[in-house]
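Reminder, nothing fancy here: chain letters follow the sequence lines and each chain counts from 1.
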There are 2 protein chains.
Amino acid sequence: MQKKYLTIYEKLAKEIEAKVWAAGYKLPSENELSTTYDTSRETIRKALNLLSQNGYIQKIRGKGSIVIDVDKFSFPVSGIVSFKELSQNLGLDSKTIVDSLGFIERDDSVHNALGTKPADAVWGVTRVREISGEKIILDKDYFIEEHVPLLSEETCADSIYNYIENKLELPIAFAQKEIVVEEPTAEDRRLLDLSGFSNIVVIRSHVYLEDTTLFQYTESRHRPDKFRFVDFARRVKNP
Amino acid sequence: MQKKYLTIYEKLAKEIEAKVWAAGYKLPSENELSTTYDTSRETIRKALNLLSQNGYIQKIRGKGSIVIDVDKFSFPVSGIVSFKELSQNLGLDSKTIVDSLGFIERDDSVHNALGTKPADAVWGVTRVREISGEKIILDKDYFIEEHVPLLSEETCADSIYNYIENKLELPIAFAQKEIVVEEPTAEDRRLLDLSGFSNIVVIRSHVYLEDTTLFQYTESRHRPDKFRFVDFARRVKNP
DNA sequence: CAGTATAACTTGTATAGGCAAGTTGTGCAA
DNA sequence: TTGCACAACTTGCCTATACAAGTTATACTG
């Protein structure tokens with residue numbers, strides 16, 4: 001039995017993307033929706049609030065829910081999405097090259113980021129993402145061995161997240177990330193096609209499991225001309 | 001009469017920031033909270049879901065709500081926050097210099113971004129943000145005259161958002177933004193302290209009112225060494 | 001005709017109750 | 001002691017109801 005409010009949300013979201021409900025016009029009222037979907041108004045409201053949070057509709061008290069013009073040309077770095085999922089969604093001609101894989105040795109910055117001691121075993125994976133022939137992105141992932149005991153080259157070339165969530169069944173919950181611009185390191189220059197570029201965009205992420213334990217630290221290093229981050233934000237008023 | 005779930009949310013959020021509830025430990029259960037706050041469980045759940053969305057807690061079915069270690073050193077470019085609010089919150093020594101103010105003339109890219117015709121009147125404001133003596137940020141804002149009939153130099157030096165929300169009482173609802181890295185323009189070089197920098201971080205925003213009409217287009221151009229974007233993201237699983 | 005009261009809609013908040021599903025500890029049975 | 005069933009907790013989902021608050025169209029009143 002699927003969750004009702006989620007199925008309704010997904011159905012309405014797809015309908016909005018397919019222009020069943022035209023942008024600028026109103027959705028049916030909550031009462032109408034609750035009868036058509038044969039459910040309670042609260043369940044409808046849960047679905048509509050999800051649509052509102054994700055930029056599909058704008059709710060106005062007393063009036064209704066207006067459909068927002070969704071330009072889903074979005075490159076959603078927002079949210080936690082793996083590179084495999086991303087390139088699949090966008091239909092990109094992409095390739096992943098595993099540069100190195102193994103336990104790290106005396107890397108204080110990584111141990112500091114993960115809160116581990118130098119004696120703890122930590123996987124280090126360096127991967128190059130090639131998009132239409134150009135080496136654009138350098139991903140450096142670090143996993144605590146306690147949570148991820150085994151990592152093979154095949155899983156790294158495929159999707160680590162798929163392995164972690166479906167094979168290991170670890171519940172990935174949330175991430176804190178920051179985006180900054182830095183100067184390329186020697187490694188960046190060696191592994192990426194950076195001729196002529198003097199900056200690199202670095203996305204640092206701390207990824208946590210459901211029990212709030214930190215289990216991964218990641219640096220995703222992007223060539224600046226190919227980097228794009230799209231966000232939808234609601235205004236919050238402070239009183 | 002304040003909204004109950006909001007006051008409970010704010011109270012718990014402040015308590016978590018003040019370490020009343022230690023990170024890694026559990027909040028009281030929903031039933032306990034509903035008795036202490038003399039309210040229903042659903043109201044408590046609304047407050048807790050807000051805490052969860054904003055990265056304060058992690059809810060686990062069957063167990064409880066674990067407090068997340070919030071590092072609020074965050075520079076929240078996420079969400080729609082004005083520069084005035086931002087520098088106030090962070091206690092920065094900042095200054096705003098209005099470089100130019102008036103109606104724009106034949107700027108096709110702006111008219112294209114705003115969906116206006118060349119004949120339509122559009123305000124253009126260019127402001128330089130100085131932080132501890134250095135000119136770091138160049139903000140170029142464009143407003144449709146239909147919504148914002150008057151703009152004075154004083155309001156621009158203070159806070160345009162304050163003017164728009166409190167004086168004009170326009171309901172700012174949401175924004176679509178993108179972050180990219182580009183080469184500085186001649187104007188960037190003229191107005192900012194950019195010596196030695198060959199890139200600039202550009203945040204482009206389309207800002208909408210509650211009735212989903214577009215009313216503002218903004219380019220916020222940051223010197224790359226001072227730019228930082230922090231985000232909290234929850235993992236969404238696709239089936 | 002102009003203005004206003006009002007009815008009929010809309011969404012927002014709050015409550016009470018029920019059942020499902022996951023976790024944890026207790027105590028009984030082998 | 002070990003293992004298992006179960007009770008007692010937790011959060012997740014759904015329903016039904018009530019009232020508040022904002023919008024809109026209608027009809028009435030001056």
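- Across C:dT13, D:dA21, D:dT11, the shortest atom-to-atom separation from the side chain of A:Arg61 is found for D:dA21.
- Atom-to-atom distance recorded for B:Ile164:CD1 and B:Phe143:CZ is 4.0 Å, nearest 0.5 angstrom.
- Closest contact between the side chain of B:Thr39 and the listed nucleotides C:dT11, C:dT15, D:dG12 involves C:dT15.
- Closest-nucleotide positions on DNA chain C for A:Ile60 and A:Glu42 were compared, and the one nearer the 5' end corresponds to A:Ile60.
- Distance from the side chain of B:Lys59 is smallest for D:dG12 among the nucleotides D:dG12, D:dT10, D:dC13.
- For D:dT10, the OP1/OP2 oxygens have a side-chain nitrogen or oxygen of B:Ser29 closer than 4.0 Å.
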task: Please step through side chain to side chain donor-acceptor pair (under 3.5 Å) for the pair A:Glu17 and A:Tyr56, ending with a clear verdict.
output: CA-CA 9 Å; A:Glu17 285 172 8; A:Tyr56 285 97; 2.7 Å; yes
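- When every heavy atom of B:Cys156 is checked against every heavy atom of B:Arg127, the shortest pair comes out as O-NH1, 2.8 Å.
- Proximity note for B:Asn31 (side chain, C-beta onward) versus C:dT11, D:dC13, D:dT10: the nearest is D:dT10.
- One finds no side-chain N or O of A:Arg41 lying less than 4.0 angstrom from the OP1 or OP2 phosphate oxygen of D:dA16.
- Put simply, B:Lys63 has no side-chain N or O that comes within less than 4.0 Å of OP1 or OP2 on C:dT23.
- An OP1 or OP2 oxygen of C:dA14 is reached within less than 4.0 angstrom by no side-chain nitrogen or oxygen of B:Tyr5.
- For A:Tyr5, there are no side-chain hydrogen bond (donor to acceptor under 3.5 Å, both in side chains) partners, not counting sequence neighbours.
- Out of D:dT11, C:dT11, C:dT15, the shortest distance to the side chain of A:Glu30 is found at C:dT11.
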